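One structure below.
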There are 2 protein chains.
Amino acid sequence: MPEHITIKDIARILNISVSTVSRALRDAYDVNPETREKVLHLAKELDYKPNFNASGLAGGGTRNIGIILPFITNYYFSMVITGIQEVAYAKGYNIVLYVTNDSPEREMDVVRNLNTQNLDGVLVSVCSDSAANNYFEQIIAEGTPVVFFDRVLGSVDASKVVQDDYNGAFEAVEHLVKQGFSRIAHIAGPAGLDFTKHRLAGYLDALERYGLPVEPAWIVHSGFSQADGEADLEVLWEGKERPDAVFAVNDRKAIGVILQLKKRGIRVGPDFGVIGFTDDPMSAIISPSLSTVAEPAYEVGKQSCELLLQHIVRKNNFQVREITLPGVLIARESTRRS
Amino acid sequence: MPEHITIKDIARILNISVSTVSRALRDAYDVNPETREKVLHLAKELDYKPNFNASGLAGGGTRNIGIILPFITNYYFSMVITGIQEVAYAKGYNIVLYVTNDSPEREMDVVRNLNTQNLDGVLVSVCSDSAANNYFEQIIAEGTPVVFFDRVLGSVDASKVVQDDYNGAFEAVEHLVKQGFSRIAHIAGPAGLDFTKHRLAGYLDALERYGLPVEPAWIVHSGFSQADGEADLEVLWEGKERPDAVFAVNDRKAIGVILQLKKRGIRVGPDFGVIGFTDDPMSAIISPSLSTVAEPAYEVGKQSCELLLQHIVRKNNFQVREITLPGVLIARESTRRS
DNA sequence: TTGTAGGCGTTATCAT
DNA sequence: ATGATAACGCCTACAA
């Protein structure tokens, strides 16, 4: 049976009270440096591990932070988590994972049943048709620190960390234009998502900036999968006016596009430009390699977590912040004319 | 402020004692069906959420299970986690994530500081040069249920869930042989890992079975990255006898091999066979597409978690089990002669 | 600066 | 079948 050391043990051995030990351990105010030193020393020696159940119960922190997100099986999200994990680990926090499978029902269920008593704060990236708006707001109202990342809820008043979707999209389209493409379609994400709108806006503004026509039929919304990308290209291909390039909302869809084009015998690059968004490692592996806007996924994770921890420490006394991180255009073969 | 409903509230309203409520909620023995019904009904009505900190403290379960693994940024592990997550969610357990970055120091630190008081059980896949053997054994000795998956510690007496590495490797090599390749090299994983050994054994036995020579220089050990695969091929290429095919321990390395071969102008498939292990989605995207042995990643996750939950429920009263799940050979272009 | 006492929400042990 | 009551380990007034 686990014979765990508690602050009681330390108190007994040192012949002081548990409150003093408790204070010393959390280096709270008002504790004699010598006493603290003794406590810390003994704690290390006995390999004392705080019981977070107890401290959580008693009103201290639980040292747990939750992450709610649609998936972990893609490059972007797994990198974000890795970034989160890194800072959480460094600060002694545990990560509790909630995966919604991009299902609004599941997300709602997760948020509604979220045990905020066991969590010091929550990081969230919402699903495609999130309907949990109210529930998130409720959690926030209850006083739980929340930071949204990547897929944020524009309407909710909370801290947010995102990449610069608008400018990334603008630059992607600009790049296509400069490579000589002029009939540029956009294979977009689910219409409800904030970043879908931002990338779409960047696309539209870039077209306008370069005096290119906006063809409504060239804007196709669907999901994020490779299969969606393939299907979307079909749609474009069947239209009466065919584009000569595509800006896809993410790499996975762009890859679907490339695969379809190859199947049709189109030379991607020379004859048809394709650019994505993310910089998934697949982009460098597919042939022709995929131009893209690299997202600072790891950094999004790091900064989200740092921000959340600030909120947690400053309890109720923090400023809501919105952080936007720049992406980087990476030109590869799929936009190279020759 | 969070005004959480507690069993006390329910007890007061129903005019019964907290112990009865507690029992009713956990549908323990000895509680009047009517009473239980009332309690359950009111609990739902008030949206009662158990405080796991409290139940953990009091000796009940914490409803948390830990996962310790090297990475989450690859297809295999992220699928495993997804599988784990699915059953944990269904059974009302939370997942606490610990990523070791495949670093033995980090792993040791994680395991040593693991707060088993906050965890009902732990799932683990060890890192490449794990030195945490003793610590895992200690955790197990203390009574914490542990199930290893994929990267298991052969020497530790605990439940394990793995894919059939030996047979998968055997079939991969057999497939190369049947395609007419005869000078087959093996680009292996870190020598210390159990499954590296199993896949190597499958490779060796397949060579023997088909009367092919074992060339020690054709067995190269290194890490799991694409870069490792590229470097390994270089090594093979510089050797005095060149192989005509490679069985790589995983897809990522196999992809490195293909990329290197393409760079050298070798026609992968017709002139040089390559087969991997995993069935990472990248395998289908690279050109030529990569033959591989598909691993039941999701299933490994599911079964690991189910097994762990059984151990948790049967507390101390369970049988250690080892489960081996079959893989499936997937033939693609990289082993097609014509 | 330190100690005392009460309580956090739940479960377990005894009674009844 | 149900109820008191005492933990569980920690934190936070309040008192000293």
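These numbers come from a predicted model, not from an experiment. In the text below, chain A, chain B and the rest are named by the order of the sequence lines, each starting its count at 1.
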When you get a sec, tell me which of [options] is the closest nucleotide to the side chain of [X]?
| X | options | answer |
| --- | --- | --- |
| A:S19 | C:dG9, C:dG3, D:dG9 | C:dG3 |
| B:R23 | D:dT5, D:dT2, D:dG9 | D:dT2 |
| A:S17 | C:dG3, D:dG3, D:dG9 | C:dG3 |
| B:K8 | C:dG3, C:dC8, D:dC11 | C:dC8 |

Would you indicate, yes or no, if D:dG9 has its OP1 or OP2 atom less than 4.0 angstrom from a side-chain nitrogen or oxygen of A:K49? no

Phosphate OP1/OP2 of C:dT11: any B:R26 side-chain N/O under 4.0 Å: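 Checking B:R26 against C:dT11: at least one side-chain N or O falls below 4.0 Å of OP1 or OP2.
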
Under 6.0 Å from the six-membered ring centre of B:F77 and within 45° of its axis: does the NZ or CZ of B:R151 meet both?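 Here B:R151 fails the 6.0 Å and 45° test against B:F77.
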
Can you tell me the distance, in whole Å, between the [atom1] atom of [X] and the [atom2] atom of [N]?
| X | N | atom1 | atom2 | result |
| --- | --- | --- | --- | --- |
| A:R63 | D:dC10 | CZ | P | 14 Å |
| B:N118 | D:dG9 | CG | C1' | 11 Å |
| B:N115 | D:dC10 | CG | P | 10 Å |
| B:L57 | D:dC11 | CG | P | 11 Å |
| A:Q117 | C:dT10 | CD | P | 7 Å |
| B:N51 | D:dC10 | CG | P | 16 Å |
| B:L14 | D:dA1 | CG | P | 17 Å |
| B:L25 | D:dT2 | CG | P | 14 Å |

Side-chain donor or acceptor of B:S22 under 3.5 Å from a matching atom on the base of C:dA12? no

Please confirm whether any donor atom in the side chain of A:T20 sits under 3.5 Å from an acceptor in the base of C:dT1, or the reverse.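 Between C:dT1 and A:T20, which were checked side chain against base, a qualifying N/O pair under 3.5 Å is absent.
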
Hey, would you say the A:F136 and A:F148 ring centroids sit under 6.0 Å apart?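 Centroid separation for A:F136 and A:F148: below 6.0 Å.
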
Backbone N/O of [Y] and side chain of [X]: donor-acceptor pair under 3.5 Å:
| X | Y | value |
| --- | --- | --- |
| B:S125 | B:L69 | no |
| A:S130 | A:C127 | no |
| B:N115 | A:N51 | no |
| B:E107 | B:T100 | no |

SB check B:R12 B:D9 (cutoff 4.0 Å):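 The answer is yes: the pair qualifies as a salt bridge.
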
Please give the angle, rounded to 10 degrees, between the axes at the start and the end of the helix from C:dT1-D:dA16 to C:dT16-D:dA1, where five pairs define each axis.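 The value is 30°.
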
Indicate whether the side chain of A:S103 and that of A:E105 have a donor and an acceptor atom separated by less than 3.5 Å.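 A donor-acceptor contact under 3.5 Å links the two side chains.
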
By nearest heavy atom, map A:Y48 and B:T35 onto DNA chain D; which one lands nearer the 5' end? B:T35

Taking the nucleotide of DNA chain D with the nearest heavy atom to each, does B:I16 or A:G59 sit closer to the 5' end?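 Mapping each residue to its closest nucleotide by heavy atoms, the 5'-most match is B:I16.
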
